[in-house]
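All of these numbers come straight from a predicted model, not from anything done at the bench. Residues take their numbers from the sequence shown, with the count starting at 1.
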Amino acid sequence: MSRAIVHIDMNTFFVSCERLTNSELNGIPLIIGGGDRGVVASCSYEARKFGVRSAMPIHMAMKLCPQAKIMKGDMELYSRLSHDITEIIQEKAPVVEKASIDEFYLDITGMDKFYGSYRWTDELAQRITKETGLPLTFALSVNKTVSKIGTGEGKQKQNLEIPEHLVQSFLNPLSVRKIPMVGQKTFELLSRIGIRTIQTLSEMPAESLQQMIGKNGTELWKKANGIDNTPVEPYTERKSISTEHTFSQDTIDVLKLNRILQGMVEKLAYQLRAEEWLASTVTVKIRYANFDTETKQSRVPYTSADHILTQTVTDLFTKLYQRRMRLRLIGVRFSGLVRGTYQIDLFNDTEEMLALYQAMDRMKTRYGFDAVMRCAGASFKPNNKNEILKRKK
């Protein structure tokens with residue numbers, strides 16, 4: 001039996017959410033993002049016509065489209081509406097994967113025998129728009145890759161159904177850039193040897209691609225040929241992420257404690273960015289030598305940036321640690337998590353800060369967490385004996 005996989009993409013989600021609360025924003029070029037030195041988190045189709053794109057520096061976007069209106073993002077609004085959409089889909093769909101705050105995969109294999117897969121998906125899409133007021137595009141095909149490419153094409157051609165026997169003819173004329181795993185560097189590499197369409201890529205020997213690109217070459221060849229067996233992973237929302245450090249000897253050294261806390265924050269913040277989470281609540285925990293345990297927490301704007309979270313943790317620890325007794329344990333927890341497709345808080349941070357985090361994260365991903373760290377947190381060396389990561393569902 002051919003699989004029936006749906007990809008749902010909420011159209012210009014942040015922009016649509018803002019327009020839902022303010023109809024005066026309809027039809028005008030709109031950019032969601034930070035200040036003059038920030039970057040574009042999202043933009044309307046009216047702004048895209050001028051070349052504005054997500055993650056572009058705001059000052060560059062304003063040069064391309066000076067008449068655009070810039071708004072700071074409201075992650076609390078976006079998170080609430082995303083939650084509403086998720087509940088509607090989970091109520092109807094047998095298997096749902098929430099890929100990001102505005103993207104969903106559904107496995108509805110077998111639905112065609114009872115109802116009709118496209119008809120069922122179309123009625124679900126109409127219900128989402130009716131109950132939330134938000135527009136969307138969907139594509140139905142045999143796997144996640146083809147469905148995701150289909151929603152990209154469907155934004156101009158409406159919702160698409162791509163049956164198995166038409167997959168290759170649908171993919172062939174498209175640019176290789178349409179394949180989700182193809183970034184700018186891979187595109188440039190392929191372009192230099194004359195590979196610009198998916199058809200040309202699909203006809204190239206898989207072994208040659210692997211020699212050029214590495215282990216991802218075979219996977220890229222499969223996607224170009226419409227092959228993707230990746231399952232739709234059932235969605236469960238993580239509630240918090242935390243770490244604790246138990247000392248081999250109880251300590252009262254405040255400087256040491258602050259350095260370790262900063263290292264803990266850096267580790268957790270990197271994990272947030274790697275898994276595309278933003279946190280809204282920070283909690284610090286301490287346990288004294290006599291086992292008395294105290295906690296203090298604070299709300300923050302949705303973020304995964306070290307410098308914001310570190311300052312909050314430092315302030316909380318200063319307020320919390322008032323008894324001049326030795327400590328045996330300290331801990332940090334980030335909760336109130338929401339999904340995001342950006343590595344840091346694009347609404348508040350500058351493009352320089354974004355570039356710094358991206359560079360550090362690339363090094364950590366490639367060489368390990370402690371490959372590059374801030375000096376203040378370098379004394380934190382996580383290990384299985386005294387450091388516990390908690391992933392609460």
Residues [X] and [Y]: side-chain donor-acceptor under 3.5 angstrom:
X      : Y      : value
Thr197 : Gln199 : no
Thr293 : Arg287 : yes
Gln311 : His307 : no
Glu164 : Ser2   : yes
Ser82  : Ser79  : no
Gln262 : Asn258 : no
Lys98  : Thr86  : yes
Tyr270 : Glu275 : no

Can you tell if the side chain of [X] reaches within under 4.5 Å of the side chain of [Y], non-hydrogen atoms only?
X      : Y      : result
Gln297 : Val282 : no
Ile31  : Val52  : yes
Lys222 : Asp228 : no
Thr21  : Glu18  : yes
Trp221 : Lys223 : no
Leu160 : Phe170 : yes

- Query: When clusters are formed from ILVMFWY side-chain contacts under 4.5 Å, directly or step by step, what else is grouped with Leu166?
  - Reply: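 Direct or chained contacts put Leu166 with none.
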
- Other ILVMFWY residues reachable from Val232 by side-chain steps of under 4.5 Å: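 Result for Val232 is Ile5, Val95, Tyr105.
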
- Query: Should Thr218 and Leu209 be marked as a side-chain contact (heavy atoms from CB on, under 4.5 Å) after you check the CA-CA gap, both sets of side-chain angles, and the distance that decides it?
  - Reply: CA-CA 7 Å; Thr218 302; Leu209 270 177; over 6 Å; no

- Message: Would Arg328 and Phe247 count as a cation-pi pair here, with the cationic atom under 6.0 angstrom from the ring centre and within 45° of the axis?
- Response: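 No - Arg328 does not lie over the ring of Phe247 by the 6.0 Å and 45° rule.
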
- Query: Given the rule that I, L, V, M, F, W and Y join up when any side-chain heavy atoms are under 4.5 Å apart, are Met71 and Phe50 in one cluster?
  - Reply: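 Met71 does not cluster with Phe50.
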
- Hey, any chance Leu329 and Ile286 share a hydrophobic cluster, counting ILVMFWY side chains that come within less than 4.5 Å of each other, even indirectly?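 No, Leu329 does not connect to Ile286 through the hydrophobic network.
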
Which residues pass the side-chain hydrogen bond (donor to acceptor under 3.5 Å, both in side chains) test with [X], not counting sequence neighbours?
X      : answer
Thr137 : Asn11
Asp253 : none
Glu188 : Gln184

- Gln168 and Ser202: side-chain contact (heavy atoms from CB on, under 4.5 Å), yes or no, with the steps? CA-CA 9 Å; Gln168 203 60 53; Ser202 69; 3.9 Å; yes

- Task: Take atom CG of Asn22 as the centre, draw a 6.0 Å sphere, and report whether it contains more than 12 heavy atoms from other residues, nucleotides or ligands.
- Result: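 Counting other residues, nucleotides and ligands, CG of Asn22 exceeds 12 neighbours.
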
- Query: Is the count of non-hydrogen atoms from other residues, nucleotides or ligands lying under 6.0 Å from Glu131 atom CD greater than 12?
  - Reply: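 More than 12 within 6.0 Å, yes.
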
- Task: Drop me the distance from Ser16's OG to Leu134's CG, to the nearest 0.5 angstrom.
- Result: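 It is 6.0 Å, given to the nearest 0.5 Å.
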
- Message: To the closest 0.5 Å, what do you measure between NZ (Lys148) and CG (Asp9)?
- Response: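 One gets 6.5 Å once the value is rounded to the nearest 0.5 Å.
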
- Pair Glu244-Lys285, salt bridge (Lys or Arg N to Asp or Glu O under 4.0 Å): steps then yes or no: CA-CA 8 Å; Glu244 295 179 353; Lys285 172 183 177 180; 2.9 Å; yes

- After noting the C-alpha distance and the side-chain angles of Lys92 and Glu123, does the key distance pass the salt bridge (Lys or Arg N to Asp or Glu O under 4.0 Å) rule? CA-CA 10 Å; Lys92 301 290 290 183; Glu123 290 189 2; over 6 Å; no

- Task: Could you list the residues that satisfy side chain to side chain contact (heavy atoms under 4.5 Å, CB included) with Met325, not counting sequence neighbours?
- Result: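 With sequence neighbours excluded, Met325 shows a side chain to side chain contact (heavy atoms under 4.5 Å, CB included) to Tyr288, Asn290, Arg323, given in chain and number order.
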
- Given the rule in the salt bridge (Lys or Arg N to Asp or Glu O under 4.0 Å) test, do Asp74 and Arg80 qualify, once you have shown the distances and angles that lead to the verdict? CA-CA 10 Å; Asp74 183 352; Arg80 177 172 56 81; over 6 Å; no

- Query: Going by an N to O cut-off under 4.0 Å, is there a salt bridge joining Arg127 and Glu91?
  - Reply: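 Yes.
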
- Message: Between Ile32 and Val15, is the side-chain contact (heavy atoms from CB on, under 4.5 Å) condition met? List the steps.
- Response: CA-CA 7 Å; Ile32 309 296; Val15 170; 4.0 Å; yes

- Query: Please walk me through it: do Lys296 and Thr283 pass side-chain contact (heavy atoms from CB on, under 4.5 Å)?
  - Reply: CA-CA 6 Å; Lys296 188 174 284 291; Thr283 305; over 6 Å; no

- Task: Taking Glu46 for its side chain and Pro29 for its backbone only, find out whether a donor-acceptor pair lies under 3.5 Å.
- Result: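 No, Glu46 side chain to Pro29 backbone: no donor-acceptor pair under 3.5 Å.
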
- Residue that, paired with Val284, satisfies side-chain contact (heavy atoms from CB on, under 4.5 Å) out of Leu320, Thr314, Asp315, Thr295: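 Option passing the side-chain contact (heavy atoms from CB on, under 4.5 Å) with Val284: Leu320.
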
